[in-house]
Amino acid sequence: MKFHLINREKWDRKPYFEHYLLQKCTFSMTANIDITLLLEQLRKQRIKLYPTFIYMITRVVHDHLEFRTCFDDQGCLGYWDQMTPSYTIFHSESKTFSSLWTEFSDEFRVFYQNYQADIKHYGHVPSFFPKENTPKNVFPISSIPWVSFTGFNLHVNEDHNYLLPIFTGGKYFDQGGKVWLPVSLQVHHAVCDGYHASAFFEELQQMVDRCDNWLT
């Protein structure tokens, strides 16, 4: 992974970035994704939905510099050339959760194997962060599979300088003969606009629709 610095003086987005960073402006958007075909394929192949969800989101994130832009440890603005998904897993006994990360691969089967290995090794460890050496290029994904929400928002402070996107999936539901999955995206307006959020949902749906091409 490599962090590329952004020259703010030559950056086309500079006036928007400075305006919304000063305003500490974030926004969230929630949309329902049609996963009817995807669920059918997953059930046939006995593949779990959650790691598939994580994989699809990361693939879309990699296609957009806006979703990889952030400050580094020294407060320098830049973007990662690739991202690592960090995701939550639920402990039914204690009703708590852990945060894990899994090395990403563009090849779904490779990532799925990596995910399964991490779940096997760390999935039952009752710790907030059971897997050590979290890389710097992680971004958060979580799931709230108990409710089909129509909106979701997290309040992250960090001096309002947290620029990476936050993704949350809900409980899928049947409507109109199709199965829908609510997905929430939260971004900082300094680096993302409504166009970028809309593009994310459009491309996520396209990935779902083309699942036959990358699941095998």
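All figures in this text were calculated on a predicted structure; none of them were measured in a lab. The figures here come from the full heavy-atom set of this structure, side chains too, leaving out hydrogens, waters and symmetry mates.
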Checklist entry - Is the closest side-chain heavy-atom distance between D34 and V208 below 4.5 Å? => result no
Next on the checklist: Which residues pass the side chain to side chain contact (heavy atoms under 4.5 Å, CB included) test with D209, not counting sequence neighbours?
Outcome noted: Q205
Checklist entry - With no hydrogens and no angle check, is any side-chain donor or acceptor of H196 less than 3.5 Å from a backbone partner on E66? => result no
Checklist entry - Of all residues at least two apart in sequence or in a different chain, which pass the side chain to side chain contact (heavy atoms under 4.5 Å, CB included) check with E40? => result T36, L37
Item to check | CA sep, side-chain torsions, deciding dist, call: S99, T88, side-chain hydrogen bond (donor to acceptor under 3.5 Å, both in side chains) | outcome: CA-CA 4 Å; S99 180; T88 57; over 6 Å; no
Item to check | Hydrophobic cluster membership, W214 vs F200, 4.5 Å side-chain cutoff | outcome: yes
Checklist entry - If you measure from the Lys or Arg side-chain nitrogens to the Asp or Glu carboxylate oxygens, is any gap between D193 and R13 under 4.0 Å? => result yes
Item to check | Residues clustering with V110 (ILVMFWY side chains joined when closer than 4.5 Å, directly or via others) | outcome: none
Checklist outcome for this item: What one should report as the nearest heavy-atom pair of F67 and P165 is O-CD, 3.2 Å
Item to check | Pair listing, ring pair (Phe, Tyr, Trp, His ring centres under 6.0 Å) test, anchored in residues 116-137, at least two apart | outcome: F97-F128
Checklist outcome for this item: Checking F104, Y87, Y50 against Y55 for ring-ring contact (aromatic ring centres under 6.0 Å, His included), the one that qualifies is F104
Item to check | Residue pairs fulfilling side-chain hydrogen bond (donor to acceptor under 3.5 Å, both in side chains) with at least one residue in residues 128-140, sequence neighbours excluded | outcome: D73-K136, T84-N137, D118-K131
Item to check | Separation of I166 CD1 from F152 CZ (nearest 0.5 Å) | outcome: 8.5 Å
Checklist entry - Quick one: does H189's side chain have a donor or acceptor within less than 3.5 Å of a partner on C192's backbone? => result yes
Next on the checklist: For a quick test of reading the model, state the closest non-hydrogen atom pair linking W80 to C70 and the distance between them.
Outcome noted: NE1-SG, 3.4 Å
Item to check | Distance, nearest 0.5 Å, that separates CE of M207 from CE of M56 | outcome: 6.5 Å
Checklist outcome for this item: Value for CG (L5) from CG (D72), rounded to nearest 0.5 Å, stands at 6.5 Å
Checklist entry - Name the one of T52, I47, I33 that satisfies side-chain contact (heavy atoms from CB on, under 4.5 Å) with L38? => result T52
Checklist outcome for this item: Distance col, row H4:NE2 vs D81:CG, nearest 0.5 angstrom, shows 4.0 Å
Checklist entry - Is there a donor-acceptor pair closer than 3.5 Å between any side-chain N or O of Q186 and the backbone N or O of F27? => result no
Item to check | Nearest-0.5 Å distance that lies between atom CD in Q82 and atom NE2 in H62 | outcome: 6.0 Å
Checklist entry - Do I141 and V138 share a hydrophobic cluster (ILVMFWY, side-chain heavy atoms under 4.5 Å, transitive)? => result no
Checklist outcome for this item: Residues pairing under side-chain hydrogen bond (donor to acceptor under 3.5 Å, both in side chains) where one sits in residues 106-116, two or more places apart or in two chains, turn out to be Q45-R109
Item to check | Inter-residue atom distance S86.OG - L100.CG, 0.5 Å rounding | outcome: 7.5 Å
Checklist entry - What residue pairs, at least two apart or across chains, pass side-chain hydrogen bond (donor to acceptor under 3.5 Å, both in side chains) with a residue in residues 140-152? => result S142-T168
Checklist entry - Which pair of non-hydrogen atoms, one from Y162 and one from L164, has the smallest distance, and what is that distance? => result CE2-O, 3.2 Å
Checklist entry - Hey, what else clusters with W11 if you join Ile, Leu, Val, Met, Phe, Trp, Tyr whenever side-chain heavy atoms sit under 4.5 Å? => result I6, F17, L21, L65, F71, L77, Y79, L163, V191
Checklist entry - Residues two or more places apart in sequence or in another chain: which of them pass side chain to side chain contact (heavy atoms under 4.5 Å, CB included) with R43? => result L39, Y172
Item to check | Test side-chain hydrogen bond (donor to acceptor under 3.5 Å, both in side chains) applied to H64 - qualifying residues, sequence neighbours left out | outcome: E203
Item to check | Common cluster, Y20/L22, ILVMFWY with side-chain heavy-atom separation under 4.5 Å | outcome: no
Next on the checklist: Using the side chain to side chain contact (heavy atoms under 4.5 Å, CB included) criterion, which residues pair with K95? Sequence neighbours excluded.
Outcome noted: F90
Next on the checklist: Quick check: closest heavy atoms across F111 and E103, and the distance to 0.1 Å?
Outcome noted: CD1-O, 3.6 Å
Next on the checklist: Would you say W101 ends up clustered with F167 if hydrophobic residues are merged whenever their side chains have heavy atoms under 4.5 Å apart, either directly or through other cluster members?
Outcome noted: no
Listing, residues 173-183 side-chain donor-acceptor contacts under 3.5 Å, not counting sequence neighbours, or none:
| from | atom 1 | to | atom 2 | distance (Å) |
| --- | --- | --- | --- | --- |
| W180 | NE1 | Q175 | O | 3.0 |

Checklist entry - Do L204 and Q206 come close enough that some side-chain heavy atom pair is under 4.5 Å? => result no
Next on the checklist: Please give me the minimum heavy-atom distance between S184 and F149, naming the atom from each residue.
Outcome noted: CB-CE1, 4.0 Å
Checklist entry - Heavy-atom distance under 4.5 Å between the side chains of L215 and L42, does that happen here? => result yes
Checklist outcome for this item: Tightest non-hydrogen contact, residues V61 and R68, listed as O-NE, 3.5 Å
